[in-house]
> 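Below is one structure. I have some questions about it.
Computed from a prediction, not measured in an experiment: that's the story for all the values here.
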Amino acid sequence: MHIRGDHAELVVGGCLDVRSAADARTALHSAVDSGRGDLVLDLTELDSWDATGLGVIMGAHRRAGRANRRLVLRGVPPRMQRVLVATRLHRILAIEAER
């Protein structure tokens, strides 16, 4: 898993899973805490996630809300979009429409 970007936009790539959750959580929390406005999480390079990785995203979503920010998912791969719909998280998370 790799995360690059700043406090306004992060690109997440590789696998967001139990092995990478701690590093991902640290990077996301730091970005939320150090910025203002929407935090865009670009998932176009993300290969896979597991329940732990999804939990990290939900935790960042809650933290952003407490900081009066919004976490916006961009480029959600179709396979992962189906997981969000199946879990009804697409109703909670802000997901940018395809262009």
Side-chain angles (χ1 to χ4, degrees):
M1 186 246 1
H2 65 272
I3 296 179
R4 67 179 188 278
D6 56 26
H7 58 269
E9 182 173 345
L10 295 173
V11 177
V12 181
C15 297
L16 183 55
D17 56 17
V18 68
R19 291 181 305 261
S20 61
D23 291 338
R25 187 177 297 109
T26 299
L28 290 172
H29 287 186
S30 177
V32 167
D33 295 346
S34 64
R36 300 174 77 180
D38 288 352
L39 172 60
V40 176
L41 197 56
D42 187 331
L43 303 178
T44 55
E45 297 178 17
L46 189 63
D47 297 325
S48 66
W49 62 18
D50 65 7
T52 306
L54 188 54
V56 168
I57 290 174
M58 290 307 299
H61 165 75
R62 287 189 299 275
R63 189 177 189 105
R66 288 191 302 268
N68 293 317
R69 297 187 73 186
R70 190 172 68 132
L71 183 70
V72 179
L73 303 182
R74 175 185 291 160
V76 179
R79 179 176 73 255
M80 293 169 203
Q81 180 73 31
R82 286 191 294 275
V83 170
L84 294 176
V85 170
T87 57
R88 297 183 185 230
L89 292 175
H90 70 292
R91 295 180 177 189
I92 297 169
L93 295 167
I95 303 171
E96 200 173 82
E98 295 291 321
R99 296 179 200 171

> What closest approach, in Å, do C15 and S20 show between heavy atoms, and which atom pair accounts for it?
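What the structure gives for the nearest pair is O-OG, 3.0 Å.
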> Nearest 0.5 Å please: distance from the CG atom of L73 over to the CD atom of E96.
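The CG atom of L73 sits 9.5 Å away from the CD atom of E96.
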> Report the residue from R62, M58, H61 that forms a side-chain contact (heavy atoms from CB on, under 4.5 Å) with L71.
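Going through R62, M58, H61 one by one, the side-chain contact (heavy atoms from CB on, under 4.5 Å) with L71 is satisfied by H61 alone.
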> CG/L39 to CG/L28 distance, rounded to the nearest 0.5 angstrom?
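That separation rounds to 7.0 Å.
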> Can you see which heavy atom on A60 is nearest to which on V32, and at what distance?
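Residues A60 and V32, closest heavy atoms: O-CG2, 4.2 Å.
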> Could you tell me whether the side chain of S30 and the main chain of T26 form a donor-acceptor pair under 3.5 Å?
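Side chain of S30 to backbone of T26, a donor-acceptor pair under 3.5 Å: no, none is there.
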> Does L54 share a hydrophobic cluster with V12, counting links as ILVMFWY side-chain heavy atoms below 4.5 Å and allowing steps through other members?
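L54 clusters together with V12.
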> Do W49 and V11 land in one hydrophobic cluster if side-chain heavy atoms of ILVMFWY residues count as linked below 4.5 Å?
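Not linked; separate clusters.
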> For R63, what residues pass the side chain to side chain donor-acceptor pair (under 3.5 Å) criterion, not counting sequence neighbours?
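R63 satisfies side chain to side chain donor-acceptor pair (under 3.5 Å) with H29, D33 only.
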> Side chain of D50, backbone of V18: donor and acceptor closer than 3.5 Å?
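Between the backbone of V18 and the side chain of D50 there is a qualifying donor-acceptor contact (under 3.5 Å).
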> Could you tell me whether the side chain of Q81 reaches within less than 4.5 Å of the side chain of V85, counting heavy atoms only?
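Sidechains of Q81 and V85: in contact.
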> State, yes or no, whether a side-chain contact exists between L43 and L16 at a heavy-atom distance under 4.5 Å.
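Contact flag for L43/L16 side chains = no.
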> Going from CE on M80 to CG on L89, what distance comes out if it is rounded to the nearest 0.5 angstrom?
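CG of L89 is found 14.0 Å from CE of M80.
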> Ignoring hydrogens and angles, tell me if any N or O in the side chain of R74 forms a donor-acceptor pair with the backbone of L41 under 3.5 Å.
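Not confirmed, R74 side chain does not pair with L41 backbone.
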> Measure the spacing between CG of L84 and CD1 of I95 and express it to the nearest 0.5 Å.
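Reported value, rounded in 0.5 Å steps: 5.0 Å.
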> For the residue pair L46 and P77, what are the closest heavy atoms and their distance?
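Distance-wise, the nearest heavy atoms are O-CG, 3.8 Å.
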